[in-house]
There are 2 protein chains.
Amino acid sequence: MYYFFAEGVIIIEPKCISRVILKRLPIYLGYLKSLPNDAPPHISATTIANVLQMGEVQVRKDLAAVCDIGKPKIGYKVRDLIDELETFLGFKDMNDVIIVGAGKLGKALLSYEGFREYGLSIVAAFDVDDTVIGNMNSTKPIYHISKLSDLCQRMNIQIGIIAVPAESAQAICDYIIKCGIKAIMNFTPYLLKVPSDIIAHHVNIAASLALLSKQLSEQT
Amino acid sequence: MYYFFAEGVIIIEPKCISRVILKRLPIYLGYLKSLPNDAPPHISATTIANVLQMGEVQVRKDLAAVCDIGKPKIGYKVRDLIDELETFLGFKDMNDVIIVGAGKLGKALLSYEGFREYGLSIVAAFDVDDTVIGNMNSTKPIYHISKLSDLCQRMNIQIGIIAVPAESAQAICDYIIKCGIKAIMNFTPYLLKVPSDIIAHHVNIAASLALLSKQLSEQT
DNA sequence: TAGATTGTTAATCGATTAACAATC
DNA sequence: TAGATTGTTAATCGATTAACAATC
């Protein structure tokens with residue numbers, strides 16, 4: 001964080017962090033949280049780097065971009081560092097998420113408990129198929145898609161997961177944007193077209209696995 | 001591809017393509033395959049770039065890294081380009097994959113039909129829980145984990161997906177490496193430690209979704 | 001004090017973009 | 001021929017790594 005004086009007013013430079021760094025932060029956090037309770041209270045960037053097999057300068061630079069609690073010769077207080085990372089990443093305040101598509105993947109995500117740790121609360125899933133509505137197997141409800149608009153507007157939900165068949169992905173995407181969704185994670189191989197004010201992330205598990213397979217075949 | 005003469009022998013430079021490019025190739029391929037049958041037989045890098053909202057030079061450079069079929073003023077023959085990309089990415093010959101963990105996610109992946117298109121064949125899932133063994137709901141079998149070693153060795157399967165609870169991830173990882181698995185896709189938030197000759201990819205859905213959420217909250 | 005560790009400044013590396021000659 | 005499009009070479013940009021001064 002940098003402070004600038006401009007015409008007598010203090011302007012705080014918006015902490016603009018690159019996406020590459022942003023993707024590494026949860027990895028540091030995960031490791032720190034996995035440390036046993038009886039571990040020493042401080043840790044050095046060198047130690048973190050060695051365990052995670054990263055460059056130590058990179059770790060130090062990444063952490064410096066987020067917080068300011070490193071002490072020469074001592075390192076970082078683990079508790080504080082966890083706190084800083086969680087605060088920075090927004091894991092401390094909950095964000096509601098809905099899922100569209102209650103097929104096998106949709107249901108798996110709906111009942112996955114691990115989201116909470118990342119500040120995410122899956123509220124409900126939606127589907128067009130009446131036979132999956134209700135949901136006996138989970139504590140989280142599955143509603144008919146016609147209820148989506150009302151729920152999202154009432155609860156001001158802005159994040160949606162698309163887990164429908166690829167053919168209906170674009171239609172569903174357009175629909176949930178109309179319902180107020182602003183950020184979309186798409187598990188379909190179909191590349192969604194969205195307005196510029198909407199954020200869309202594409203997760204193509206099959207493509208990722210195929211690249212892993214290619215990497216293996218090349219590793220002679 | 002470049003050819004070099006060295007002491008009278010033709011050496012074909014190994015087509016070493018960066019990971020960033022590699023990740024974009026399936027996107028091009030997906031778009032090309034989505035084109036209707038009555039579309040014109042040729043397409044230009046400019047068109048592809050515009051549709052996918054990428055730089056046109058980038059598209060051209062990426063494609064040039066893979067194939068050599070672009071013709072000035074005409075563009076690329078769609079059929080041939082699809083063929084080149086599929087061949088390059090290895091989607092044409094099948095690779096067998098096993099899944100460890102037949103919980104909700106494991107089962108979702110087991111019955112997902114979309115892998116075939118990427119040259120991947122999910123052979124079976126494995127679990128320790130006797131109640132999920134057998135699998136009534138799918139054409140693909142679920143075996144007890146004790147059968148894993150034998151099957152992988154018999155079929156020479158080298159790719160494994162870990163979809164078990166985070167606590168058992170490392171133990172399962174060590175075990176399947178012993179069984180001959182060489183490339184691992186881990187859906188657990190736990191960061192696996194693997195020997196240097198083993199490839200491990202980590203997919204942390206919750207972390208990705210959390211970053212999407214953060215991006216949204218910053219987009220003022 | 002000396003050693004370990006931090007954060008920063010400079011150098012390197014790789015990827016993207018811009019400019020342009022080649023060509024159907 | 002002129003225009004569209006390719007692939008390549010050069011310039012820019014961003015990220016990683018190396019070097020080093022500051023410090024507990």
Side-chain angles (χ1 to χ4, degrees), chain A residues 1-4 13-28 31-32 39-81 84-85 88 211 215, chain B residues 1-4 13-28 31-32 39-81 84-85 88 211 215:
Chain A
M1 265 166 290
Y2 304 96
Y3 297 86
F4 292 98
E13 176 84 339
K15 32 187 170 177
C16 191
I17 285 204
S18 78
R19 286 192 56 71
V20 255
I21 297 179
L22 218 50
K23 273 205 256 179
R24 286 193 295 260
L25 297 179
I27 300 174
Y28 303 139
Y31 168 62
L32 293 170
H42 291 268
I43 195 166
S44 73
T46 319
T47 309
I48 297 175
N50 288 340
V51 176
L52 302 179
Q53 307 192 55
M54 304 167 107
E56 58 170 310
V57 186
Q58 187 170 73
V59 174
R60 229 176 277 129
K61 237 180 175 175
D62 287 355
L63 296 182
V66 175
C67 67
D68 199 26
I69 59 171
K71 299 260 183 298
K73 172 144 172 158
I74 294 170
Y76 305 80
K77 194 172 174 191
V78 177
R79 288 276 306 273
D80 291 355
L81 190 51
E84 293 275 358
L85 284 169
F88 179 85
L211 291 183
Q215 205 180 320
Chain B
M1 264 168 288
Y2 304 95
Y3 298 84
F4 292 97
E13 175 84 339
K15 32 189 172 178
C16 191
I17 284 203
S18 77
R19 286 193 56 73
V20 256
I21 297 180
L22 219 49
K23 274 205 256 179
R24 286 194 294 260
L25 297 180
I27 300 174
Y28 303 138
Y31 167 63
L32 293 171
H42 290 269
I43 195 167
S44 74
T46 319
T47 309
I48 297 175
N50 287 341
V51 176
L52 302 178
Q53 307 191 56
M54 304 167 107
E56 57 170 310
V57 186
Q58 187 169 73
V59 174
R60 227 176 276 130
K61 236 178 174 177
D62 288 354
L63 296 182
V66 176
C67 67
D68 198 28
I69 60 172
K71 300 259 184 299
K73 174 146 169 154
I74 293 169
Y76 305 80
K77 193 172 175 192
V78 178
R79 288 276 305 274
D80 291 354
L81 189 52
E84 292 276 358
L85 284 169
F88 180 84
L211 292 183
Q215 204 179 321

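Throughout, protein chains are lettered first and strands after them, A, B, ... in sequence-line order, and every chain is numbered starting at 1.
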Mind checking what makes side chain to side chain donor-acceptor pair (under 3.5 Å) contact with A/T47, not counting sequence neighbours? A/S44

Looking at side-chain heavy atoms only, is the closest gap between A/V78 and A/H42 below 4.5 Å? no

Minimum heavy-atom separation for B/A45 and B/E56, please, with both atom names. CB-O, 4.2 Å

In 5'-to-3' order, the base (B), backbone-only (S) or no-contact (-) status of each nucleotide in nucleotides 15-24 of chain D, using a 4.0 angstrom heavy-atom cut-off, is SSBB----BB

Dot-bracket, 5' to 3', for DNA chain C please: Watson-Crick or G-U pairs under 3.5 Å, [ ] where pairs cross earlier ones, | where the partner sits on another strand, dots elsewhere. ..||||||||||||||||||||||

Rounded to the Å, how far apart are A/I69 CD1 and C/dT6 P? 11 Å

Begin with the C-alpha distance, continue with both residues' side-chain angles, and end with the deciding distance and a verdict on side-chain contact (heavy atoms from CB on, under 4.5 Å) for A/R60 and A/T46. CA-CA 8 Å; A/R60 229 176 277 129; A/T46 319; 3.9 Å; yes

Could you check how far CD of B/E56 sits from P of D/dG7, rounded to whole Å? 12 Å

Are any non-hydrogen side-chain atoms of A/L22 and A/F88 less than 4.5 angstrom apart? yes

Looking only at heavy atoms, what is the nearest atom pair of B/C67 and B/L81, with distance? SG-CD1, 3.8 Å

Rounded to whole Å, please give me the gap between CG in B/N50 and P in D/dT5. 10 Å

Residue pair A/V66, A/I21: steps toward the side-chain contact (heavy atoms from CB on, under 4.5 Å) verdict: CA-CA 10 Å; A/V66 175; A/I21 297 179; 5.5 Å; no

Test side-chain contact (heavy atoms from CB on, under 4.5 Å) on B/K71 and B/K77 and set out the steps. CA-CA 9 Å; B/K71 300 259 184 299; B/K77 193 172 175 192; over 6 Å; no

Can you check the A/I48 CD1 to C/dT5 C1' distance for me, whole Å? 12 Å

Rounding to a whole Å, what distance do you find between A/D68:CG and C/dT8:P? 8 Å

In whole angstrom, what separates B/K77's NZ from D/dT5's P? 19 Å

